Amino acid sequence: MDTVRFEMILRAQQPIVHTQESIGNSAIFARKKVRQPDGSFAMVPFVSGNSLRHQMRAAAAYGTLHEAGILRDAQLSAGATRLLFNGGMVTGKGNASVVNLDQYRKLVALFPPLGLFGGCIDNGPRQGKLHVDELDVICTEQSEYLPEWVEAWMARNNHVLGSCRSGIEEVQHVRMDSTLMDPAVKELLAPKALADVQAKELRRDSAHETGESKSKEDSKSDMMPYTFERLAQGTLFTWGVSAYTHSDLEFDAFCFSIACLLNHFRVGGKSGVGHGSLQFVAGNRINFTPIGGSLEQIGQELAPKTGDIYKAHIAERKEELVSWLRSAVNS
């Protein structure tokens, strides 16, 4: 068995949104307590390891479907899709084939990332082999917990640590009501719908003149302002993921999964409106031995130099993999 860990510095190419709660119409960024040298605790923004693990699992699944040549026309069964992208779920017997322990072992041999991430079979979940860290902001509040090589990289590249508070910003968006605000949209309405909109406008004008509160409430616009917190563009993060593997194929599948993730790394919400993109900046690979670990610096060449063994495995067993992915799986 080999244990390897990848640690990396990531930069927010776009602002990052990862909220933990909403107060009224305001979404609050996720924070955790971090002990400071003076014994106090600071509330520091972070992105959950659960979110990152899911992104990594999805990247491995998409990458495998691409290598199998069926990404454009996958036609996956619902059960196989849940197993690939969510680890499946414990279900009843049903009419579909249930993934029992023996089948699970065969699936892991066919699709090694399943063994790395874990998944559910007939009688319960099976633990994976990954340990995924939370995504931490590189800031003064986290300075006690930064890996030494990250501190060295920061000093070498003249990056100064700042408070995490300076990277948080509050943004306001407004959900518009096009039927009341946009004349071009009104022209698209059916006669009855247009009459209803015009009647609502008249009621609102009348309520404004008379000051009647109930009429104001009934006729008010559906526009809604809302705010959310986000981490600013350019924020630097540190992240790590480790795995224990039992074969060259399994290790290569681990590297392939990370390479697929870094190829299009996105986290958090509002990804459809300019948020969530992360860029790999620098990293280290730590190879663990019974005596100690050794560091090996990795650069931007990580992605194109991994996955050769895994890709050959998928090519060799493509037909068997595609047959399973399109079969009825109770998971």
Side-chain angles (χ1 to χ4, degrees), residues 1-11 47 49-71 83-85 87 105 107-119 126-135 147 149-150 153 237-267 277-289 292-318 321 325:
M1 184 183 76
D2 294 317
T3 303
V4 67
R5 174 176 172 82
F6 288 100
E7 292 179 347
M8 59 195 74
I9 297 172
L10 301 163
R11 178 186 293 114
V47 178
N50 189 57
S51 173
L52 292 156
R53 183 186 179 92
H54 173 72
Q55 293 299 329
M56 190 174 169
R57 185 195 287 269
Y62 279 120
T64 300
L65 294 176
H66 173 74
E67 291 301 324
I70 61 170
L71 188 56
L83 199 56
L84 256 64
F85 288 90
R105 292 190 182 117
L107 290 178
V108 168
L110 182 63
F111 179 58
L114 182 60
L116 292 172
F117 290 96
R126 287 293 178 270
Q127 183 174 331
K129 301 180 179 182
L130 295 181
H131 298 279
V132 181
D133 293 359
E134 294 172 338
L135 186 67
W149 75 266
V150 173
W153 184 92
F237 301 90
T238 180
W239 181 58
V241 55
S242 59
Y244 56 92
T245 60
H246 293 83
S247 67
D248 290 340
L249 172 61
E250 205 166 43
F251 172 72
D252 202 52
F254 175 49
C255 295
F256 175 82
S257 301
I258 293 178
C260 289
L261 177 69
L262 296 182
N263 187 52
H264 186 61
F265 201 169
R266 307 190 74 90
V267 294
S277 178
L278 291 171
Q279 180 187 43
F280 174 84
V281 176
N284 273 304
R285 185 172 71 195
I286 304 174
N287 296 302
F288 290 94
T289 67
S294 61
L295 287 174
E296 176 186 341
Q297 189 164 351
I298 57 177
Q300 298 283 11
E301 72 277 3
L302 171 67
K305 288 190 176 181
T306 59
D308 291 343
I309 299 175
Y310 182 69
K311 290 176 183 178
H313 172 81
I314 294 300
E316 180 183 349
R317 307 189 66 174
K318 173 183 173 180
L321 176 62
L325 290 173

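All values reported here derive from a predicted model rather than from experimental measurement.
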Would you say [X] and [Y] make side-chain contact, with heavy atoms under 4.5 Å?
{"X": "V281", "Y": "M8", "answer": "no"}
{"X": "V132", "Y": "Q55", "answer": "no"}
{"X": "Y310", "Y": "S257", "answer": "no"}
{"X": "E67", "Y": "F256", "answer": "yes"}
{"X": "I9", "Y": "W149", "answer": "yes"}
{"X": "I309", "Y": "F251", "answer": "no"}

For this session: Measure up the F85 and Y62 rings against each other and bin them: parallel (under 30°), tilted (30 to 60°), perpendicular (over 60°).
Result: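 Perpendicular: the ring planes of F85 and Y62 meet at over 60°.
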Exercise. Who pairs with H246 by side chain to side chain contact (heavy atoms under 4.5 Å, CB included), at least two apart in sequence or on another chain?
Worked result: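 For H246, the residues satisfying side chain to side chain contact (heavy atoms under 4.5 Å, CB included) (neighbours in sequence not counted) are M1, K129, Y244, E250.
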For this session: Quick one: do V241 and F254 satisfy side-chain contact (heavy atoms from CB on, under 4.5 Å)? Show the steps, please.
Result: CA-CA 10 Å; V241 55; F254 175 49; 4.1 Å; yes
For this session: Report the C-alpha distance between L52 and F265 in whole Å, list the side-chain angles of each, state the deciding distance to 0.1 Å, and finish with yes or no for side-chain contact (heavy atoms from CB on, under 4.5 Å).
Result: CA-CA 10 Å; L52 292 156; F265 201 169; 3.6 Å; yes
Rounded to the nearest 0.5 Å, what's the gap from [atom1] on [X] to [atom2] on [Y]? Could you check?
{"X": "L110", "Y": "I314", "atom1": "CG", "atom2": "CD1", "value": "6.5 Å"}
{"X": "L321", "Y": "H313", "atom1": "CG", "atom2": "NE2", "value": "8.0 Å"}
{"X": "T245", "Y": "D252", "atom1": "OG1", "atom2": "CG", "value": "10.0 Å"}
{"X": "L261", "Y": "R53", "atom1": "CG", "atom2": "CZ", "value": "13.0 Å"}
{"X": "L135", "Y": "T238", "atom1": "CG", "atom2": "OG1", "value": "8.5 Å"}
{"X": "F237", "Y": "L278", "atom1": "CZ", "atom2": "CG", "value": "6.0 Å"}

For this session: Starting from the C-alpha separation in whole Å, work towards a yes-or-no answer on side-chain contact (heavy atoms from CB on, under 4.5 Å) for T64 and L84.
Result: CA-CA 10 Å; T64 300; L84 256 64; over 6 Å; no
For this session: Could you please spell out the steps behind the side-chain contact (heavy atoms from CB on, under 4.5 Å) verdict for L83 and F111?
Result: CA-CA 11 Å; L83 199 56; F111 179 58; over 6 Å; no
For this session: Check A109 against R317 and note the closest heavy-atom contact, atom names and distance.
Result: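 For A109 versus R317, the nearest heavy atoms are O-NH1, 3.5 Å.
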